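Data block below; observations after.
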Amino acid sequence: MYQFQIKVPASSANIGPGFDVLGMSLEVYMTLDVQVGDDKGACVLSYEGDGANEVPLDIHKNMISQTALYVLRCHDIHEFPLAVKIHVKNPIPLGRGMGSSGSAAIAGVLLANELAHLKLSKLQMMDYVLMIERHPDNVMASMMGGFVGSFLRELSDVEKEAMIPSASDLLTNQGFSRPPKGLGTYAKLPWAPELKALVVIPQFHLSTSKARSVLPSSYTKPDVIYNLQRLALLTTALGQTPINAHLIHEVMKDKVHQPYRSQLIPGLQTILAQMTPESQPGLCGICLSGAGPTILALATDNYEEIAQKMLIIFKQNNVDCNYLVLSPAFEGASVTY
Ligand SMILES: Nc1ncnc2c1ncn2[C@@H]1O[C@H](COP(=O)(O)OP(=O)(O)OP(=O)(O)O)[C@@H](O)[C@H]1O
Ligand SMILES: N[C@@H](CCO)C(=O)O
């Protein structure tokens, strides 16, 4: 019998104009405490934390074990090799824009890698994660750690066929395909140590699929240029010391996803319009965290005052929230014995 712990941080993706490109890992960690038996036997899941009353414990319905079983199938292994007990502790809010599904997929791939001794690197494991999550920004940040930019390579026609089974098909074994190799590329970006992440977390779920379904299928050239210009400067501005709050505030604006998602998040438009470095000393930039509804504010001071102002605006829209002040999790996902 042996045991190990898997630890995966939350993430905040997009960071304004970096839709499906930028993400930062956050110091809120999901952990899996795994005990492996000496003989074949059942896989037993237990769970505590956010969504404890909604997360299924059936290994064929839980996203973590489903992902692990998918990775094992890709290696012609059709069950967990030995009896295994997995206790999940998850403080990452589900369906709130803090990368919970991405962290779950990463945990599942790491679990398979350890149980079957696959010896996959983090980047090789990302190919499997990306078959489930399908966009790299949140998962690359959670896996690698820190402030991260990433992209997906173009696929050949044959490789595009591998993406035909949906993530749900792969997780429920209703379809099968192995991942193309080298799907994602990333770079760790500089992060100014003065910057902390204030996340204001509304108490309602917004699924990523719903938040992606309201986006247009095409954009005007001015809107594309608007985001490209800001994205180019944002990756530098967040690493510069001393901090230029006015620059960060401007280059964290977006026209690709936030305007369309504001209909789903009461108060978002008001917060983005009213929360500025001038109105809130200490505030730098503000944006939707991932697909929302959580809002990410990057600040250097006065976190409590900034949070209280956002909570008031949300309350005026009949939305209750809690908030956290976090630093980036620079080491990313890990396994310790
Ligand atoms: N620890 C977990 N264990 C099992 N399933 C999970 C876990 N975390 C997330 N999930 C699944 O992922 C779903 C949430 O995924 P979704 O992409 O909608 O939101 P998110 O990942 O929290 O937000 P975002 O993608 O915007 O960062 C949950 O409803 C649940 O089905
Ligand atoms: N870029 C993704 C992040 C959420 O997973 C989105 O905004 O839909």
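Because the structure is predicted, anything quoted here is derived from the model rather than measured. Each ligand, and each atom within it, is numbered from 1 in the order the structure gives.
- Contact atoms of ligand 1 toward R96: 22 (O) (distance under 4.0 Å to a heavy atom of the residue).
- Here the heavy atom of the protein found nearest to atom 11 (C) of ligand 1 is M63 SD, 3.7 Å.
- In this model, no donor atom of one side chain and acceptor atom of the other lie less than 3.5 Å apart for D33 and Q3.
- For ligand 1, one of its N or O atoms has an N or O atom of G95 under 3.5 Å away.
- K253 places no side-chain N or O within donor-acceptor distance of the main-chain N or O of R230, the cut-off being under 3.5 Å.
- Heavy-atom proximity to M30, at under 4.0 Å, picks out these atoms of ligand 1: 1 (N).
- S101 CB, 3.5 Å is the protein heavy atom nearest to atom 12 (O) of ligand 1.
- Considering only residues two or more places apart in sequence or on other chains, E48 meets the salt bridge (Lys or Arg N to Asp or Glu O under 4.0 Å) condition with none of them.
- Neither side chain, H78 nor R73, offers a donor N or O lying under 3.5 Å from an acceptor on the other.
- Between S100 and ligand 1, at least one pair of N/O atoms sits closer than 3.5 Å.
- Checked against M126 for a side-chain contact (heavy atoms from CB on, under 4.5 Å), the options T185, V139, L183 give a single hit: V139.
- Looking at heavy atoms from C-beta onward, Y337 lies in side-chain contact with E114 at the 4.5 angstrom threshold.
- For ligand 1, none of its N or O atoms has an N or O atom of S209 under 3.5 Å away.
- For ligand 1, the polar-atom distance check finds no N/O of Y47 at less than 3.5 Å from any of the ligand's N/O atoms.
- Residue-ligand proximity, G99 to ligand 1, at heavy-atom distances under 4.0 Å covers atoms 21 (O), 23 (O), 24 (P), 27 (O).
- Residue contacts with ligand 1: A13 is excluded, as none of its non-hydrogen atoms falls under 4.0 Å.
- Contact annotation for atom 22 (O) of ligand 1: protein present (non-hydrogen atoms, distance under 4.0 Å).
- P293 pairs in a side-chain contact (heavy atoms from CB on, under 4.5 Å) with only one of the listed residues (P266, P202, C321), which is P202.
- In this structure, N113 contributes its side chain and L120 its backbone to a donor-acceptor pair below 3.5 Å.
- Residue-to-ligand polar distances keep G290 apart from ligand 1: every N/O pair is separated by 3.5 Å or more.
- Among residues at least two apart or in separate chains, salt bridge (charged side-chain N to carboxylate O under 4.0 Å, His left out) pairs with a member in residues 15-25 are D20-R212.
- Nearest protein heavy-atom contact of atom 24 (P) of ligand 1 is T208 OG1, 3.3 Å.
- The backbone N or O of L288 sits less than 3.5 Å from a side-chain atom of Q258, completing a donor-acceptor pair.
- Contact annotation for H205 and ligand 1: no heavy atom of the residue comes within less than 4.0 Å of the ligand.
- Distances shorter than 4.0 angstrom do not occur between any heavy atom of V88 and any atom of ligand 1.
- Distance alone, capped at 3.5 Å, places no donor-acceptor pair between the N227 side chain and the D254 backbone.
- Annotation: the span from K7 atom NZ to S334 atom OG amounts to 6.0 Å, rounded to 0.5 Å.
- Sorted by first then second residue, the side-chain hydrogen bond (donor to acceptor under 3.5 Å, both in side chains) pairs that include residues 56-67, not counting sequence neighbours, number zero.
- Every atom of ligand 1 is numbered from 1 in the order shown, and the set under 4.0 Å from a heavy atom of A291 is 26 (O).
- Closest to atom 30 (C) of ligand 1 among all protein heavy atoms lies L94 CD2, 4.2 Å.
- Between the K188 side chain and the F330 main chain, a donor and an acceptor come within less than 3.5 Å of each other.
- Of all atoms in ligand 1, listed by their number and element, those nearer than 4.0 Å to a heavy atom of S207 are 18 (O).
- In the vicinity of N90, heavy-atom distances shorter than 4.0 Å reach the ligand 1 atoms 1 (N).
- Under 3.5 Å, the side chains of Y323 and E304 contain a donor-acceptor pair of N or O atoms.
- The protein atom (non-hydrogen) at minimum distance from atom 29 (O) of ligand 1 is E54 OE2, 4.1 Å.
- Considering backbone and side-chain atoms together, A104 places no N or O closer than 3.5 Å to any N or O of ligand 1.
- Side-chain N/O atoms of S168 and S166 include no donor and acceptor closer than 3.5 Å.
- Contacts of V55 with ligand 1, taken as heavy-atom pairs under 4.0 Å, involve the side chain alone.
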Starting from the N and O atoms of ligand 2, collect every protein N/O partner closer than 3.5 Å and put each pair on its own line with the distance to 0.1 Å.
{"residue": "ligand 2", "atom": "1 (N)", "partner": "N14", "partner atom": "OD1", "Å": "2.8"}
{"residue": "ligand 2", "atom": "1 (N)", "partner": "D20", "partner atom": "OD1", "Å": "2.5"}
{"residue": "ligand 2", "atom": "1 (N)", "partner": "D137", "partner atom": "OD2", "Å": "2.6"}
{"residue": "ligand 2", "atom": "5 (O)", "partner": "H135", "partner atom": "NE2", "Å": "2.8"}
{"residue": "ligand 2", "atom": "5 (O)", "partner": "N138", "partner atom": "ND2", "Å": "3.2"}
{"residue": "ligand 2", "atom": "7 (O)", "partner": "N14", "partner atom": "ND2", "Å": "2.8"}
{"residue": "ligand 2", "atom": "7 (O)", "partner": "R261", "partner atom": "NH1", "Å": "2.7"}
{"residue": "ligand 2", "atom": "7 (O)", "partner": "R261", "partner atom": "NH2", "Å": "3.4"}
{"residue": "ligand 2", "atom": "8 (O)", "partner": "R212", "partner atom": "NH1", "Å": "2.8"}
{"residue": "ligand 2", "atom": "8 (O)", "partner": "R261", "partner atom": "NH2", "Å": "2.9"}

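- Judged by distance alone, with hydrogens and angles left aside, the side-chain atoms of R96 form no donor-acceptor pair with the main-chain N or O of T294 at under 3.5 Å.
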